[in-house]
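Computed from heavy atoms alone, side chains included, the values below leave out hydrogens, waters and symmetry copies. Chain letters run A, B, ... following the sequence lines, proteins first, then strands; residues in each count from 1.
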Amino acid sequence: MAGKPRCLVLAGFGLNSEVELAHAFSLGGADSKIVHFSKIAAGEERLEEYHIFAIPGGWSYADEISSGKVLANKLKSSFRQQFENFVASGKPVVGICNGFQVLVKLGALPNIGKNFEQECTLMRNQSGKFEDRWVYLKPQRSVCKYFEGIEFLHCPVRHGEGRLIAKDRQKLEELEKMGLVVAKYADATLKETDEYPANPNGSQNSIAGICNPSGNVVGLMPHPECSVRKFHFPRWTAGISFEKNSLQFFSNIVNAAKEYA
Amino acid sequence: MACRIEVGVKPELEDPVGEALLRRVKEELKIAECKKIRVVSVYAIDEDLQTSELELLGKELFADPVTELFSINAPLFGAQDFDFAAFVCFKPKVKDNTGDTSKEAIEDLLGKKIAGVHSGKQYLFCGSLSRRQVEEIAKRILANELIQRFEVKSSQEYGKEGFGTVIPKVEQTGGGRVETINLDVPDKKLAEISRQRLLSLNLEEMKKIKAYFRDPRIAAERKCVGLGPNPTDAEIECIAQTWSEHCKHKIFNAKIKVEHGRKKTVDSLFKTYIKGATEKLRKKKRWLVSVFSDNAGIIEFVPGWNIAMKVETHNTPSALDPFGGALTGILGVNRDVLAAGLGAKPIFNTDVFCFAPPSYEGEIPPKLFHPRQVMEGVRAGVANGGNASGIPTVNGAICFDERYLGKPLVYCGTCGIMPQEIGGKKTHQKAIMAGDKIFMVGGRVGKDGIHGATFSSVELHEESPVSAVQLGDPYTQKKMVDFLLQARDRMLYRCIQDNGAGGLSSSVGEMAQMCGGARLHLDRAPLKYAGLDPWEILLSESQERMTVAVPPEKAQEFVQLAYQMGVEVSELGEFTNSGFFHVLYGAKTVAYIGIDFLHNGVPQMKLSAKLKKKKLSEPPEKLFQKQDYSQDLLCLLSRPNICSKEEIIRQYDHEVQGSSVIKPLCGANADGPSDGAVVAPLLERKEGLVVANGICPRYSDIDCYQMAANAVDEAVRNYVAVGGMLEHLALLDNFCWADPIYSQQNPEGKHRLAQLVEACRGLYDACMTYGLPLISGKDSMKNDYRFGKWKISVPPTLLISAIGKIEDITLAQTSDFKSAGDSIYLLGETKNELGGSEYYAMKGFVGANVPKVDFKKNLALYRKLQKAIRKGLISSCHDCSEGGMAVALAECCMGGEVGAEIELAQAREMRPYQLLFSESAGRFIVSVKPSKEGRFKAIMKGAKMLKIGKVIGEKALRIKFGKEKLIDVGIEKMKEHWKRGLK
């Protein structure tokens with residue numbers, strides 16, 4: 001029996017949610033390690049030694065120019081081949097918030113054309129504001145297995161640029177048709193909605209997260225790693241919390257990675 | 001030749017930044033003619049790049065391929081698409097974060113170095129606007145002319161060229177000049193030197209400096225290093241900075257003759273009342289680790305882990321540049337914690353602001369901003385600083401009073417966590433050995449913020465220098481924090497100090513005390529641009545810099561790690577035991593000052609305090625007696641001091657790091673106010689940190705002793721309400737006062753100093769009775785504004801921050817009522833104490849009966865309540881503060897989205913309005929499940945407590961007084977008023 005899948009959580013250059021993301025993956029059954037970007041760039045760490053590659057939230061390069069863009073470029077110039085090999089291997093790649101923005105700007109999500117060209121974007125929230133608020137996510141029927149058995153997720157969004165816009169109508173339709181939409185914003189009754197603030201940023205079709213056609217690369221604007229303990233939930237003092245759902249998300253990913261461990 | 005790239009949202013898509021601006025233009029400036037605004041980002045590149053390279057940059061870096069378009073060396077949009085255009089960019093030498101990041105990204109993409117990038121924004125306006133209106137929009141919303149310049153063009157003037165390529169750069173040459181200052185002059189001239197150079201030194205201090213340089217022994221020593229009998233500019237500036245009020249707290253350490261009441265002399269307020277309290281309590285508080293001796297107070301959290309906490313103010317810079325001032329403030333206090341012991345990792349921020357009301361309609365004094373702009377700028381600055389650094393902002397408050405128009409108060413706090421030992425060494429201890437290398441870490445040195453330390457020690461006036469403002473850069477700082485924490489864990493340095501106020505002069509100067517000297521080579525410091533004189537390099541307050549002492553054998557590893565993590569470090573010399581702070585520029589000595597004189601030479605100030613008796617009276621009761629107080633309650637709920645702050649709180653990331661347990665917002669719809677915050681920074685453990693604050697400046701109008709006592713009580717109440725342990729609680733004090741030094745220009749000085757003495761007494765008594773040590777503090781003593789006819793001074797304001805722990809986070813509590821049927825109790829005694837209350841203020845009165853804190857009774861109650869919370873016997877807990885019991889009940893209902901039925905018993909000599917709105921200290925609203933009431937009452941036995949009603953499912957708050965109905969309002973209606981208070 002192979003050991004625990006090893007999860008590399010990226011850090012550095014303004015990323016800042018690596019500790020809690022690594023913790024969530026550990027709770028999900030992985031052996032998590034926080035690795036500074038420069039160690040991979042310098043060849044001291046290699047992606048292929050790991051079974052999950054996770055890019056956490058944060059403000060890489062202070063979100064200057066556009067969120068995730070500069071770090072995406074830096075990744076391309078530092079270890080593009082390693083990254084593309086990792087994606088091709090089928091191992092899980094997960095981007096949360098700023099990590100999702102990086103994956104989108106790398107062209108790794110949704111990557112329908114399989115050429116790592118940017119096909120959608122995460123633009124400034126319709127409100128024009130950064131906001132921290134809790135949302136409900138309704139997992140969709142998708143090619144991504146990481147949401148199996150999860151009725152809904154309840155977790156915070158904390159971003160200023162999270163509004164998903166596809167390049168054109170056709171790409172948006174493809175996202176839906178090909179099963180690349182992994183989760184949508186919903187109201188408290190779990191009905192999908194476009195209404196602010198349940199849909200906090202004005203995303204097209206209320207999309208909160210997407211995956212690639214192979215289903216192994218996934219990105220989410222909300223932060224499931226901040227809803228893995230009872231005490232994370234805003235109403236836990238009234239006895240309301242759904243940490244099991246978020247934990248299921250992480251253990252699903254870890255289980256998917258076991259195949260490679 | 002320089003070139004530029006312009007980027008904007010595709011015309012067929014909505015531009016959210018433009019839309020948000022349009023809303024502000026309509027709401028704040030009431031310019032209805034403006035129909036549409038689009039924003040174009042401009043990147044002016046100071047390098048001769050080829051078109052193919054620019055195409056690549058536009059495509060791969062600057063423009064989003066899905067939503068944006070770009071143009072090269074030409075306007076993005078044709079002039080036919082808009083009516084007016086405004087261009088805004090930074091003035092030369094101002095920190096340009098977007099430009100700096102762009103430079104790094106371009107170099108990465110092109111694989112070559114470039115000279116620089118200057119960012120700017122174009123705003124394109126549609127609508128029948130006049131040039132004047134566009135200029136007003138630019139001045140009021142788009143640009144701060146202190147640090148930015150703007151230009152307005154009509155579409156005709158814009159033409160085919162637009163604004164062209166603007167490089168806001170001034171060619172700098174020269175630098176390296178050293179002046180000597182002749183102190184062999186009469187007293188009058190000495191005072192003039194201090195004034196002209198913005199030294200903020202008084203005559204006695206100038207004379208002390210003169211005497212030092214005249215000492216033949218000193219002169220002989222100086223001769224050996226090539227210096228004459230007069231100080232250099234670097235020397236006098238270094239001494240002025242070290243001796244500044246900001247750094248030395250001369251007022252808090254002064255000898256004060258108290259001329260009122262029982263006359264006496266107080267030899268240092270700090271030693272007598274602040275440190276005095278902590279020293280006496282110290283033996284009983286084994287968890288105190290390091291107090292008053294470091295950049296932040298350090299206490300134990302759990303075995304193996306310490307926390308460091310510090311609260312700072314950044315008032316003057318925030319008055320001049322609300323965004324930049326507040327941003328720099330929050331980043332600065334982050335560095336204080338990073339420089340506590342060997343360095344703590346920031347885990348949360350707090351923010352407390354004092355502003356003039358946003359609805360202010362009067363005249364705005366010169367150089368100042370409208371309170372709404374100040375509030376928006378400060379909010380954005382603190383939010384940006386915390387959000388971009390990955391530090392949650394978990395607790396805060398906002399106070400409104402017109403007297404904050406001249407200077408807003410911006411308190412920023414940070415708490416950090418550190419292991420107690422690394423490699424067998426205690427992390428709270430610092431040491432430096434002679435021979436250790438001086439390393440500067442982080443950003444480069446420019447003319448930013450020169451004179452910040454001395455400048456904040458005077459009132460805001462006409463000649464307030466532009467250079468005293470700096471702009472923070474959270475990205476550079478985040479990289480630096482990541483690097484330093486790794487270097488700490490590898491034990492690569494022995495000591496660390498922040499380069500805040502006073503720059504290298506302050507950091508190296510202070511560190512030199514620990515080993516007895518330093519040799520600092522200013523020419524080795526990397527500069528942002530040429531043209532700086534040595535004294536400017538020494539004093540510059542360019543941000544995001546730390547100084548560390550690195551043992552010589554670790555220097556190489558230190559430099560390598562920094563390089564790998566993208567952090568600039570430079571070796572600037574070494575620490576010595578020569579007894580002198582020796583500063584060189586090339587081979588030339590520019591300063592040579594005895595360490596002992598520099599740090600201990602400042603003469604003790606002698607001041608007088610005399611309290612002016614004010615005639616205060618209570619307004620007649622009959623003014624307030626009526627049948628129904630529903631309307632009064634609704635009005636109170638919409639007052640800025642009471643209303644919902646959700647809009648602001650939501651724009652702070654308050655839960656990054658995954659540690660939040662009690663968030664600033666609570667309740668069914670997460671819009672109820674939390675009393676304090678609970679944070680569990682060690683993700684696997686059950687212990688949490690509890691943080692809360694207390695601030696009540698309005699009581700100063702009646703009695704500063706009670707103002708301080710109430711601030712402590714409020715902080716403690718908030719702390720206890722969420723479940724904090726009284727046995728493990730420490731306080732931080734931050735005083736913001738108007739100038740308390742008497743002079744002809746400042747006739748109020750003696751009274752203000754007397755108010756300060758009173759506040760310190762109140763603080764001391766509260767700390768001693770409650771058994772709460774003060775672990776860190778700060779004072780800001782010149783919060784006045786003077787300009788022509790204008791003279792505005794802040795009311796005496798004391799912020800108390802409470803930091804402590806909860807042994808089990810599962811026992812933490814929130815303020816919202818949980819379920820219908822729960823019983824509601826009022827804990828504590830309500831007295832006729834409406835003096836300084838929100839209710840009186842709403843009716844236009846101050847009153848006389850300020851709440852008097854009964855420390856002993858309150859402490860007994862808090863201990864019982866703490867026990868009840870620990871046993872899990874209560875369902876909600878909320879403290880009563882501004883607006884009294886009625887507002888507290890309304891908040892519990894609004895948070896829980898449930899109602900309450902309250903019946904107040906007839907109380908002797910108390911009128912209904914007094915029961916509802918009095919702000920007596922030491923009170924809580926608690927709800928309890930009927931099944932737990934028996935045990936609850938048993939624990940609370942002996943405490944003043946009344947069962948006043950129950951939680952009901954119907955969404956309304958009903959309060960009866962005997963048979964009379966005093967209040968009957970629906971929850972929705974209350975929320976409507978409560979949420980529009982800042983609109």
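Contacts between B:K10 and chain A at a heavy-atom distance below 4.5 Å are absent for every atom of the residue. Contacts between B:D653 and chain A at a heavy-atom distance below 4.5 Å involve backbone atoms as well as side-chain atoms. B:I809 touches chain A through backbone and side chain together, each having a heavy atom under 4.5 Å away. Using a 4.5 Å cut-off between heavy atoms, A:L71 does not touch chain B at all. For B:N384, the part lying near chain A is the side chain, with the backbone staying farther off; criterion is any non-hydrogen pair under 4.5 Å. For A:K74, the parts lying near chain B are the backbone and the side chain together; criterion is any non-hydrogen pair under 4.5 Å. Neither the backbone nor the side chain of B:S876 comes within contact range of chain A; no heavy atoms are under 4.5 Å apart. Interface remark: B:A812 contributes backbone and side-chain atoms alike to the contact with chain A (heavy atom separation under 4.5 Å).
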Given A:T237 and B:T814, is the side-chain hydrogen bond (donor to acceptor under 3.5 Å, both in side chains) satisfied, shown in steps?
CA-CA 7 Å; A:T237 57; B:T814 50; 2.8 Å; yes

Could you go through the side-chain hydrogen bond (donor to acceptor under 3.5 Å, both in side chains) check for B:E655 and A:H232 one step at a time?
CA-CA 9 Å; B:E655 45 200 329; A:H232 284 146; over 6 Å; no

Steps toward side chain to side chain contact (heavy atoms under 4.5 Å, CB included) verdict (B:M565, A:F37)
CA-CA 8 Å; B:M565 298 181 75; A:F37 189 100; over 6 Å; no

Pair B:D816-A:R235, salt bridge (Lys or Arg N to Asp or Glu O under 4.0 Å): steps then yes or no
CA-CA 10 Å; B:D816 50 309; A:R235 288 228 81 195; 2.9 Å; yes

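Taking CZ of B:R650 as the reference point, atom CG of A:D132 lies at 7.0 Å (rounded to 0.5 Å). Atom CG of B:N387 and atom CZ of A:F130 lie 4.0 Å apart (nearest 0.5 Å). Interatomic distance, B:E68 CD to A:S66 OG, rounded to the nearest 0.5 Å: 6.5 Å. To the nearest 0.5 Å, the span separating OG1 on B:T101 from CD1 on A:I65 amounts to 7.0 Å.
When side chains are defined from C-beta on, B:E684 counts as touching A:H23, because their heavy atoms get closer than 4.5 Å.
Donor-acceptor pairing under 3.5 Å is recorded for the side chains of B:Q564 and A:E44. One side chain, A:T121 or B:D64, offers a donor N or O that lies under 3.5 Å from an acceptor on the other.
Using modelled atom types, one side-chain atom of A:W236 and one backbone atom of B:V661 make a donor-acceptor pair closer than 3.5 Å. Between the side chain of A:R229 and the backbone N or O of B:L683 there is at least one donor-acceptor pair closer than 3.5 Å.
With respect to the salt-bridge test (charged N to carboxylate O, under 4.0 angstrom), the residues A:K76 and B:E60 qualify. A salt bridge links B:E647 with A:K129; the closest basic N to acidic carboxylate O contact falls under 4.0 Å.
Of the listed residues (A:E131, A:K69, A:K167), the greatest number of heavy-atom pairs within a distance under 4.5 Å of chain B belongs to A:K69.
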